Each structure stands twice: as C-alpha cells, then as structure tokens.
S.K.: 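Got a structure for you, questions after.
Being a predicted model, the structure only gives us computed values, none of them experimental. Throughout, numbering of the chain's residues begins at 1 and tracks the sequence.
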Amino acid sequence: EKVRQLRPLIGENIGTGAMAVFTDKSMGKLEGPDSLQLSRFQRIMPYGTESPWSVRTYQGIAVWLDHTGQVRFYGRNESPSKNRVDDRTKVVPVHRKSYASGVVFNDCYYLAYTMSTGAVNNRCLVYDFKNDSWCEDTAPTSGIQYGVFYTQGKNLYCFDDTCYLFLCE
C-alpha cells in the first residue's frame, strides 16, 4: 500500500496523540510512546484515498474522498455522504482523483472535485458540521477552477490550476 496522507488526530475513536495514516487502500493509525510503537500500522477502515488533498480533520473527525469515490467520515457513527452526494463524487474521472481538494473552514468541510466530463475541479460540495448536513454543491463563478484551498484569518482562498489566488468566502 502507498501512503497518501498523514494527519494528527485526537478523539475518542482513535486515541490521544495518534497519527492517522491514509494509504491508497485503507485508513489506519500509528500511536504509542516510542518509535517502535509508532512503526506499527493498525488498520482501522478498508477505505483509503487517491485524493490526499481531500483529507481533513474537524474536532477529532477525519473526512476524505475515499478510493471508491465516497466521502468518508471517521469518528462518527455513520457517513453522512452515503446515498446523499455519492452520485456526484463517484463519477470523478480516475485521472482527476488526485486533484480533489478539501478544507475545513467555519465549521464546514469544502470538497472541490471534477465532474465526470471535466478536466479541472469545477464543483464544490460543502458539508456543514453544525447542522450535520450537506448544504451546497456549487460551481465557481467567472470560470475560475478550484485548486488547493488556503485559509488565513477569517478568509478562505483557493489557488486555481493556473496558480491564481482568489477569495472564496
């Protein structure tokens, strides 16, 4: 398995001070008081990612676009994307999965992705943690494509595919 992303996680389901490890085929953790313990990968879920930029955490909950195209939530009982937005994320072209990008901002998870016929990230799903619901699936205005998200203070920015920085919210 290829490691795609590492994220520190603190929460009831994963342990204090653990490191979440996302491979192309699974999600697991590394934890322990010394380097020997930290070298032992413990598989938690059979859902990895081909979209390392989509992996984010919010109050002990890990969120990512998995290798099957479903948005996964670890650290809660159920994945709120199942049968709600999967029809959109499962059709991301294989060659564009690695470009999906996520960010947590103002208690929301933003996931930029490519629609089935696109060549750039041309859609953005928004999950509101406070209301426990998906609230938007939008296209960017003025022909700008979503790239990598960046937050600074009270602002959310995004670099598009040409490295132009624009204000999202």
Side-chain angles (χ1 to χ4, degrees), residues 1-15 18-31 40-105 107-140 145-149 156 158-161 168:
E1 293 183 49
K2 297 176 185 174
V3 173
R4 300 293 186 194
Q5 183 66 269
L6 298 170
R7 286 275 168 194
L9 276 181
I10 298 172
E12 296 174 14
N13 297 327
I14 197 160
M19 181 68 71
V21 179
F22 296 85
T23 72
D24 55 344
K25 296 179 181 151
S26 65
M27 184 255 195
K29 67 179 178 178
L30 299 173
E31 66 180 339
R40 294 185 183 142
F41 177 74
Q42 299 169 13
R43 186 179 322 274
I44 295 172
M45 298 178 79
Y47 306 109
T49 188
E50 292 292 336
S51 310
W53 289 103
S54 73
V55 179
R56 295 294 176 255
T57 58
Y58 174 81
Q59 298 181 356
I61 299 169
V63 186
W64 72 99
L65 180 63
D66 79 7
H67 66 283
T68 69
Q70 182 175 333
V71 180
R72 296 283 173 183
F73 289 71
Y74 178 77
R76 55 182 303 146
N77 294 334
E78 158 188 349
S79 183
S81 73
K82 192 168 185 163
N83 302 321
R84 291 184 183 96
V85 297
D86 295 343
D87 59 326
R88 290 166 256 188
T89 56
K90 285 192 178 207
V91 295
V92 173
V94 172
H95 68 281
R96 292 292 306 169
K97 282 188 178 184
S98 65
Y99 294 95
S101 178
V103 68
V104 172
F105 180 73
D107 301 312
C108 292
Y109 172 70
Y110 294 76
L111 176 66
Y113 67 99
T114 304
M115 299 252 316
S116 60
T117 58
V120 296
N121 285 346
N122 51 13
R123 301 296 292 185
C124 187
L125 286 166
V126 181
Y127 179 78
D128 185 332
F129 285 100
K130 295 275 186 190
N131 294 316
D132 194 25
S133 66
W134 292 98
C135 55
E136 293 182 42
D137 184 7
T138 61
Q145 302 92 33
Y146 296 110
V148 176
F149 290 106
L156 174 62
C158 187
F159 286 97
D160 71 4
D161 288 352
C168 293

S.K.: Quick one: closest heavy-atom pair of Leu65 and Ala100, and the distance?
M.R.: CD2-CB, 3.9 Å
S.K.: Roughly how far apart are Asn122 CG and Ser116 OG, rounded to 0.5 Å?
M.R.: 9.0 Å
S.K.: Fit a plane to each ring of Trp134 and Phe73, take the angle between them on a 0 to 90° scale, and name the class: parallel (under 30°), tilted (30 to 60°) or perpendicular (over 60°).
M.R.: perpendicular
S.K.: Between Ser26 and Glu1, does any side-chain donor sit less than 3.5 Å from a side-chain acceptor?
M.R.: yes
S.K.: For a 4.5 angstrom cut-off between non-hydrogen side-chain atoms, does Phe129 reach Val63?
M.R.: yes
S.K.: Please report the interatomic distance CD1(Ile44) to CZ(Phe22), rounded to the nearest 0.5 Å.
M.R.: 8.5 Å
S.K.: Quick one: are Tyr109 and Val103 in side-chain contact, heavy atoms under 4.5 Å?
M.R.: no
S.K.: Side chains of Tyr74 and Met45: does their closest heavy-atom pair fall under 4.5 Å?
M.R.: yes
S.K.: Rounded to the nearest 0.5 Å, what separation is found between the NZ atom of Lys97 and the OG1 atom of Thr89?
M.R.: 9.0 Å
S.K.: How close do Asp128 and Cys108 get, counting heavy atoms only, and between which atoms?
M.R.: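 What the structure gives for the nearest pair is CA-SG, 3.9 Å.
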S.K.: Kindly give the heavy-atom pair with the smallest separation between Lys130 and Asp107, and that separation in Å.
M.R.: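 Result for this residue pair: CE-OD2, 3.0 Å.
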S.K.: When rounded to the nearest 0.5 angstrom, what is the spacing between CD in Gln5 and CZ in Arg56?
M.R.: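 Gln5 CD to Arg56 CZ: 6.5 Å, rounded to 0.5 Å.
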S.K.: So, for Cys124 and Phe149, which heavy atoms are closest and what is the spacing to 0.1 Å?
M.R.: SG-CZ, 4.1 Å
S.K.: Identify which one of Lys2, His67, Arg4 satisfies the side-chain hydrogen bond (donor to acceptor under 3.5 Å, both in side chains) criterion when paired with Glu50.
M.R.: Arg4
S.K.: Would you say the side-chain atoms of Arg40 and Gln42 include a donor-acceptor pair closer than 3.5 Å?
M.R.: no
S.K.: Got a second to check how far Asp24's CG is from Thr49's OG1, nearest 0.5 Å?
M.R.: 9.5 Å
S.K.: Would you name the heavy atoms of Arg96 and Thr114 that are closest together and state the gap between them?
M.R.: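 Reported closest heavy-atom pair: NE-OG1, 3.0 Å.
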S.K.: Taking atom CG of Leu111 and atom CH2 of Trp64, what is their separation to the nearest 0.5 Å?
M.R.: 13.0 Å
S.K.: Quick check: do Val71 and Tyr127 have side-chain heavy atoms less than 4.5 Å from each other?
M.R.: no
S.K.: Does the side-chain hydrogen bond (donor to acceptor under 3.5 Å, both in side chains) test come out yes or no for Asn131 and Ser133, once each step is laid out?
M.R.: CA-CA 6 Å; Asn131 294 316; Ser133 66; 5.3 Å; no
